[in-house]
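Only one structure is covered here, and it is reproduced in the block below.
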Amino acid sequence: MSEMPGPDAFLRAPSPTSGSVGMVPPAPIGVVFAIAGSSSRVLFDRASIGALCDDRDPVVAAAGQVGGQVKMRVGTTWLVANIRSLKLEDNAGTCIAADIDFLGEGDEERLTGKLYRFRRGVTRYPMPGAEVYPITTSDLQQVYAAEDRANITVGTVYPTNDIPAALYVDAMLGKHFALVGSTGTGKSTSAALILHRICELAPQGHIVMIDPHGEYAAAFKSNGALYDVSNLQMPYWLMNFEEHCEVFLTSSGSARQFDADILAKCLLAAKAKSRLGQEIAKLTVDAPIPYLLSDLTTIISAEMGKMDRAGDTAPYLRLKTKIDEIKADPRYGFMFSGMLVADTMASFLSRIFRLPGDGKPISIIDVSGVPSDITSVVVAVLSRMTFDFAIWSRNEPQRPILLVCEEAHRYIPAGQETSSAVGRILGRIAKEGRKYGVSLGLITQRPSDLAEGVLSQCGTIIAMRLNNDRDQAFVRAAMPEGARGFLDSIPALRNRECIICGEGVTIPIRVSFDGLEESKRPASGDPLFSELWRDVGGEDQIIGRTIQRWRAQGK
């Protein structure tokens, strides 16, 4: 500490508006102490930082705080660094040591000394002893200025209230994105805000949103196509063989494989009976060919009749019973209705993928009314149709599709991502989707329950407040090195604040999201117990109506 410059080295010239045109720029507040490739260390003079507290520029006034930025000069270049941690360095309390991460560099304007033309990365590092300066609002405007490429504004850069935070749409969607945050942090509203801004930028886009709680229909009434069990009309024959097995097979172990072999043989025969099936020379069990469920059960019965011993008929009976059960259950009508046997594949894809969009570029698919035992199969079919459509339309004019999956940890759980059809297809989209023009948006409150390989494929991560230590560690591992200083502030974020890093932004930023009009918000507000518990009367009618809907399963 004997090498630390004395207080005279940090004397600040009085300046009513630091960094303004014609005014004296801020004096140095410290020096570089140690330099390393990723993280370096600077020493701040406590008195110099204290003298900035009353500065008119709020960014200068907040100089030296964790999560803030500082700059240092190397030749004719300004380097910008983020402050990751602070520690009192001497017993007298005059010197503060700070660990910093370099964000990028910009050129110095010769006459005013201002920073301009900021870019990511560092060409030359400063030498120990180089002076450290507070960053100003005009500097931040240059650092966070949106480049001349397609972008959406989602909020303002912390701690300012007028510097817009831009997300680069092509980079964000081209390499997938994830939005993570604990319950109650404003995650659903923030997701709706981002999707609304994308829809405004691309009113002829193609977005599919899988909504497990029925929250988002309220947010996209005016600019989205809304589907639920009443109007989804998803034909059962769109399922591939793997998805058929998840729905129709009830056995496990070696018996399951035996049942699957029987199903494959009978399913192929049922598809071959249809007019479309007869036109295809090499028909496979995975081909989306319309067939009658009654044909399938008839073929299963015929195969069972060929068996000599009664013991061998059990697999056939299991299959036939399960198929008859599903046909008779009205809850499965949106998918297994006898009305869905016609070849409606073209109209289904056109509706779901918004081709054409007619000014409503997003389809909200509410799966909250889908029976829980086939919810994952429905999501698997929708996801696979998105991916397969992209693959088989490679020689056509490209129509990229964004698939947004809310509560993603349900479908791609850590350690079990390959145990279900939906986990496998979403994992494949995460790894290969960008090659075919399929983008994946994952929204989750428990990133630690999400398959690690899938989160690591997301090029842009939008992290809201995370209360759980495991979740914080998981997101920290998935984020790039330069964002570490921002990550430490994740537990301290306020509602509707986030850290954004990765491909969608020039450098990691802390953002305060814009407000969203009431009509564009999802129906995800928390109940106000103190108010609702004061509201009494009509309980008998509430119970009666609820039981009626319960027994009718919403019909």
Provide the closest heavy-atom pair for L493 versus C498 in the form atom of the first, atom of the second, distance. CD1-CA, 3.9 Å

Exceeds 12 heavy-atom contacts within 6.0 angstrom, atom CZ of R46: no

Locate the shortest heavy-atom distance separating G502 from R120; write the atom from each residue and the value. O-NH2, 3.6 Å

I'd like to know if the side chain of T183 pairs up with that of Q445 as donor and acceptor (distance under 3.5 Å, no hydrogens or angles considered). yes

Hey, what do you get for CG (L455) to CG (D449), rounding to the nearest 0.5 Å? 12.0 Å

When rounded to the nearest 0.5 Å, the distance separating CG of L440 from CG of L426 is 6.0 Å

Please confirm whether the backbone N or O of C95 pairs with a side-chain atom of D90, one donor and one acceptor, at under 3.5 Å? yes

Any side-chain heavy atom of P134 sitting closer than 4.5 Å to one from L52? yes

Pair R446-R470, side chain to side chain contact (heavy atoms under 4.5 Å, CB included): steps then yes or no: CA-CA 9 Å; R446 289 304 309 270; R470 278 186 64 226; 3.7 Å; yes

Using a 3.5 Å distance criterion without hydrogens, assess whether the side chain of R354 forms a donor-acceptor pair with backbone atoms of K360. yes

Aromatic ring proximity, centroids under 6.0 angstrom, Y133 and W78: yes

Just by modelled atom types, is the G504 backbone N or O under 3.5 Å from a matching donor or acceptor in the T460 side chain? yes

S48 side chain to I29 backbone, donor-acceptor under 3.5 Å: no

One pair to check against side chain to side chain contact (heavy atoms under 4.5 Å, CB included): I207 and I401. What are the steps and the verdict? CA-CA 6 Å; I207 305 169; I401 299 171; over 6 Å; no

Before accepting this row, confirm whether a basic side-chain N of the pair R84/D99 lies closer than 4.0 Å to the acidic partner's carboxylate O. no

With distance as the sole criterion, is a donor-acceptor pair present between the side chains of H213 and S368 under 3.5 Å? no

Do Y116 and S138 have side chains that get closer than 4.5 Å, going by heavy atoms? no

Give, for atom CZ of R197 and atom OG1 of T153, the distance between the pair rounded to the nearest 0.5 Å. 7.0 Å

Identify the two heavy atoms, one from L86 and one from G64, that lie closest to each other, and give their separation to 0.1 Å. CD1-O, 3.1 Å

Separation between CD1 of I194 and CE of M172, rounded to the nearest 0.5 Å: 6.0 Å

Count the heavy atoms of every other residue, nucleotide or ligand shown that sit under 6.0 Å from CZ of R434, and state whether that count exceeds 12. no

Under a 3.5 Å distance rule, please check whether H176 uses its side chain to pair with a backbone N or O of V454 as donor and acceptor. no

Please check if any side-chain donor atom of D57 sits under 3.5 Å from a side-chain acceptor atom of T137, or the reverse. yes

Do any N or O atoms from the side chain of K221 and from the backbone of A218 form a donor-acceptor pair under 3.5 angstrom? yes

Derivation and outcome, side chain to side chain donor-acceptor pair (under 3.5 Å), residues S448 and D471: CA-CA 5 Å; S448 59; D471 291 332; 2.5 Å; yes

Could you tell me whether the side chain of R521 and the main chain of L516 form a donor-acceptor pair under 3.5 Å? yes

Determine whether R496 and T189 make a side-chain contact, defined as any pair of heavy atoms from C-beta on separated by less than 4.5 Å. yes

Any ion pair linking E108 and K114 (charged N to carboxylate O, less than 4.0 Å)? no

Quick one: CG on N151 to CG on L167, what's the gap to the nearest 0.5 Å? 8.5 Å

Report the C-alpha distance between M209 and F220 in whole Å, list the side-chain angles of each, state the deciding distance to 0.1 Å, and finish with yes or no for side chain to side chain contact (heavy atoms under 4.5 Å, CB included). CA-CA 11 Å; M209 167 88 178; F220 292 93; over 6 Å; no

Dump the intermediate steps for salt bridge (charged side-chain N to carboxylate O under 4.0 Å, His left out) on E497 and R494, then the final yes or no. CA-CA 6 Å; E497 277 190 356; R494 293 176 292 221; 2.7 Å; yes

Taking T444 for its side chain and E407 for its backbone only, find out whether a donor-acceptor pair lies under 3.5 Å. no

If you define the side chain from C-beta out and look only at heavy atoms, does anything of P400 sit under 4.5 Å from V438? no

Do you see a donor-acceptor pair shorter than 3.5 Å between the side chains of E215 and S188? yes

Any I96 side-chain heavy atom under 4.5 Å of L88 side chain: yes

Please find the pair of heavy atoms, one from V31 and one from V132, that lie closest to each other, and give the distance. C-CG2, 3.7 Å

Do side-chain atoms of D211 reach the backbone of Y216 as a donor and acceptor pair under 3.5 angstrom? yes

For L115 and V80, run side chain to side chain contact (heavy atoms under 4.5 Å, CB included): C-alpha distance rounded to whole Å, both residues' side-chain angles, the deciding distance at 0.1 Å, then the answer. CA-CA 10 Å; L115 179 150; V80 177; 3.6 Å; yes

Counting C-beta onward and ignoring hydrogens, is there a side-chain heavy-atom pair between M127 and I35 closer than 4.5 Å? no

CD1/I462 to OG/S190 distance, rounded to the nearest 0.5 angstrom? 8.5 Å

Between K71 and D139, does at least one N-O distance fall below 4.0 Å, as a salt bridge requires? yes

More than 12 heavy atoms from other groups under 6.0 Å of CZ on R149: yes

Check: F118 ring centroid to Y144 ring centroid under 6.0 Å: no

Shortest non-hydrogen pair, M72 vs I100, comes out as CE-CD1, 4.0 Å

Where is the tightest heavy-atom contact between L402 and G441, given as atom of each residue plus distance? CD1-N, 4.1 Å

So, R119 side chain and R117 main chain: donor-acceptor pair closer than 3.5 Å or not? yes

Determine the sole option in I352, V378, V370 for which the side-chain contact (heavy atoms from CB on, under 4.5 Å) test with I365 is passed. I352

Does some side-chain heavy atom of L195 sit less than 4.5 Å from a side-chain heavy atom of V404? yes

Do V157 and R510 come within less than 4.5 Å of each other through their side chains, counting heavy atoms only? no

Please work out whether the ring planes of F353 and F389 are parallel, tilted or perpendicular, with thresholds of 30° and 60°. tilted

Between E517 and K520, is the closest basic N to carboxylate O distance under 4.0 Å? yes

